[in-house]
Every structure is written in C-alpha cells, then in structure tokens.
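Keep in mind that the numbers below use all heavy atoms, side chains included, and drop hydrogens, waters and symmetry copies. Counting begins at 1 with the first residue of the sequence.
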Amino acid sequence: ERCACSAFFAEFNSVSRESAQTGYIFQRRQISITAAIPTAFLTSDRVCPMSFADHDIISARYFFPRQQPLADATLVDVGEATLACYFADFGHDLTVVHFHGNGETVADYLPGFAQIFGHLGANIFFAEYRGYGGSSGTPRLGAMLDDVAAIREALGRDDQQVAVFGRSIGSIYAIEYASRFPNIAG
C-alpha cells in the first residue's frame, strides 16, 4: 500500500502529462498543488517514508541548475555533496550570507556585486546550491535546508556578525538560517 504522498505524486504526474498534451495547466481535473498536498497528508494514516520537499517532481519544477565553476571557490562539505560557494572577506565585522535565486549561480554575482558589499562595509558569503555552479550533488529542496548549518560552520563567524539575504527561492534558505540561528544580526 502506498503512502499519501506517493498517491498524490501519481495523480500529479498524470495531470502533468495531460497538461503538457492539452496545454491546460492543472485545469483538466481541477487539481492544484496547494490544495492537493495538504489533503494528501491530512487524510493519510500512514507516515510518508520520503521527504515531500525532496521529491523529483518538486526538484524538477523549482530548480534550474547550470554549471558555472569558480576558480577560487570556498568549498563547503554538506555530506552528500560539496558546495562551491564564494567568500569575499573585506575585513569588516559584518558578513552577509547571500542565497541566490533558482535560475542563478554564484558566478552571476561576481565580481561586481561582491565589491558593492565591500564598499557598504560588509563581507559577503555567496552560498551555492547542490548541483549549481561548481557544486556536486542534485538540488533537493528539503536536503538543502540542512545545508545552512554547514554553511554557518564554514563561515566561522559569530552569529551576531552575520546577516542573511535571500533572493527568490533563496529566501527559503535565508529564513531557515535565521530560524535555526536566531541570534544573527539580521
């Protein structure tokens, strides 16, 4: 017997295939991802054996990785993957951890954006995602939430000297960082 999330994804895949053939997005059976997901979990008496956020369907819809390696990457080991981040240390007390959008890489922000932060009085740590830039691994929404702890450790700064910033999907990771480490500067 399948769990609720497996049943949901079977239905979601069916609707997605039909949508691609007919040009209608989730209107054929009037299914919506925001409505169907809570129903699938609330009506189930079984625990889903996999993380919903790490499902292939979610990753395929939310992530658009492209390889763009950095020559001087700051490597962060997250267990299953190595993130190729970038740290511009200008000698300031404050460091901003930047989480980019889902269609971007760290390299898109270099060198200009890093220099702007330096002129504003902050160091900048550009966090890269699994499968993006020069990072190994595969993007997985849920697994990548755990990556914020490894990024914090690699940064090696006191929480009071760190502020986080997220653009687009990066806001999820900035919020996760702030939630896990509430003593950050901002």
Side-chain angles (χ1 to χ4, degrees), residues 33-34 37-38 51-186:
I33 192 165
T34 55
I37 292 169
S51 169
F52 170 79
D54 286 340
H55 195 280
D56 289 341
I57 297 272
I58 299 299
S59 294
R61 302 271 188 307
Y62 281 94
F63 296 107
F64 309 100
R66 58 189 162 89
Q67 292 298 304
Q68 202 169 3
L70 299 172
D72 49 353
T74 300
L75 300 179
V76 178
D77 180 10
V78 293
E80 302 167 348
T82 300
L83 308 180
C85 304
Y86 182 84
F87 185 37
D89 188 345
F90 298 105
H92 300 297
D93 290 335
L94 180 66
T95 298
V96 175
V97 179
H98 181 275
F99 296 94
H100 61 72
N102 60 347
E104 304 168 333
T105 68
V106 167
D108 294 338
Y109 289 90
L110 301 174
F113 204 61
Q115 298 301 321
I116 291 170
F117 275 89
H119 291 299
L120 293 173
N123 308 311
I124 181 90
F125 186 96
F126 291 101
E128 191 59 279
Y129 305 138
R130 298 171 185 224
Y132 279 73
S135 299
S136 64
T138 302
R140 299 279 184 222
L141 189 66
M144 289 164 47
L145 291 171
D146 289 333
D147 294 350
V148 301
I151 289 168
R152 175 183 178 249
E153 185 177 322
L155 185 59
R157 306 283 175 163
D158 291 333
D159 286 343
Q160 297 81 8
Q161 295 178 308
V162 175
V164 294
F165 174 84
R167 181 176 135 54
S168 188
I169 203 166
S171 62
I172 294 171
Y173 302 104
I175 291 168
E176 182 68 14
Y177 195 115
S179 174
R180 288 186 185 206
F181 311 108
N183 293 326
I184 62 172

L83 vs L75, side chain to side chain contact (heavy atoms under 4.5 Å, CB included): CA-CA, chis, key distance, verdict: CA-CA 6 Å; L83 308 180; L75 300 179; over 6 Å; no

Carefully, step by step, assess D146 and R180 under the rule salt bridge (Lys or Arg N to Asp or Glu O under 4.0 Å). CA-CA 10 Å; D146 289 333; R180 288 186 185 206; 2.6 Å; yes

Given side chain to side chain contact (heavy atoms under 4.5 Å, CB included), test L141 with F63 step by step and report yes or no. CA-CA 9 Å; L141 189 66; F63 296 107; 3.9 Å; yes

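Remark: Q115 CD is packed, more than 12 non-hydrogen atoms of other residues, nucleotides or ligands lying under 6.0 Å away.
In this structure, F117 and F113 have perpendicular ring planes: the angle between them is above 60°, well past the 30° mark. Aromatic ring pairs are classed by plane angle as parallel below 30°, tilted from 30° to 60° and perpendicular above 60°; the pair Y173 and F99 is tilted.
Side chains of Y86 and L70 form a contact here, defined as non-hydrogen atoms less than 4.5 Å apart. Side-chain contact check for R167 versus E104: some heavy-atom pair is nearer than 4.5 Å. Inter-residue side-chain proximity for I116 and I124 is flagged as unmet; no heavy-atom pair is nearer than 4.5 Å. With a 4.5 Å cut-off on side-chain heavy atoms, R130 and S136 do not count as touching. No side-chain heavy atom of V78 sits less than 4.5 Å from a side-chain heavy atom of T82. Two residues are said to be in side-chain contact when any heavy atoms from C-beta on lie closer than 4.5 Å; N183 and D158 fail this criterion. Counting heavy atoms from C-beta on, the side chains of R157 and T95 come closer than 4.5 Å. Using a 4.5 Å heavy-atom cutoff, the side chains of V96 and N123 are not in contact.
Between R66 and D108 there is a salt bridge, with a side-chain nitrogen of the basic residue lying less than 4.0 Å from a carboxylate oxygen of the acidic one. Taking 4.0 Å as the cut-off between side-chain N and carboxylate O, D56 and R140 count as a salt-bridged pair.
R152 forms a cation-pi arrangement with F181, by the criterion of a distance under 6.0 Å to the ring centre and an angle within 45° of the ring axis.
Of the candidates F126, F125, Y132, H100 forms a ring-ring contact (aromatic ring centres under 6.0 Å, His included) with just one, namely Y132.
Within the 3.5 Å criterion, the main-chain N or O of G131 finds a donor-acceptor partner in the side chain of Q67. A distance-only check finds a donor-acceptor pair linking the side chain of E128 to the backbone of V106 [under 3.5 Å]. Looking at N102, its side chain does come within 3.5 Å of a backbone N or O of Y62 through a donor-acceptor pair.
D93 contributes atom CG, which lies 5.5 Å from atom CD of Q161 (distance to the nearest 0.5 angstrom). Remark: I169 CD1 to F64 CZ distance equals 8.5 Å, nearest 0.5 Å. From S59, atom OG reaches atom CE of M144 across 8.0 Å, with rounding to the nearest 0.5 Å.
Separation of the Y109 and H98 ring centroids falls under the 6.0 Å cut-off.
Shown here for A114 and L110, the closest heavy-atom pair between the two residues is CB-CD2, 4.0 Å.
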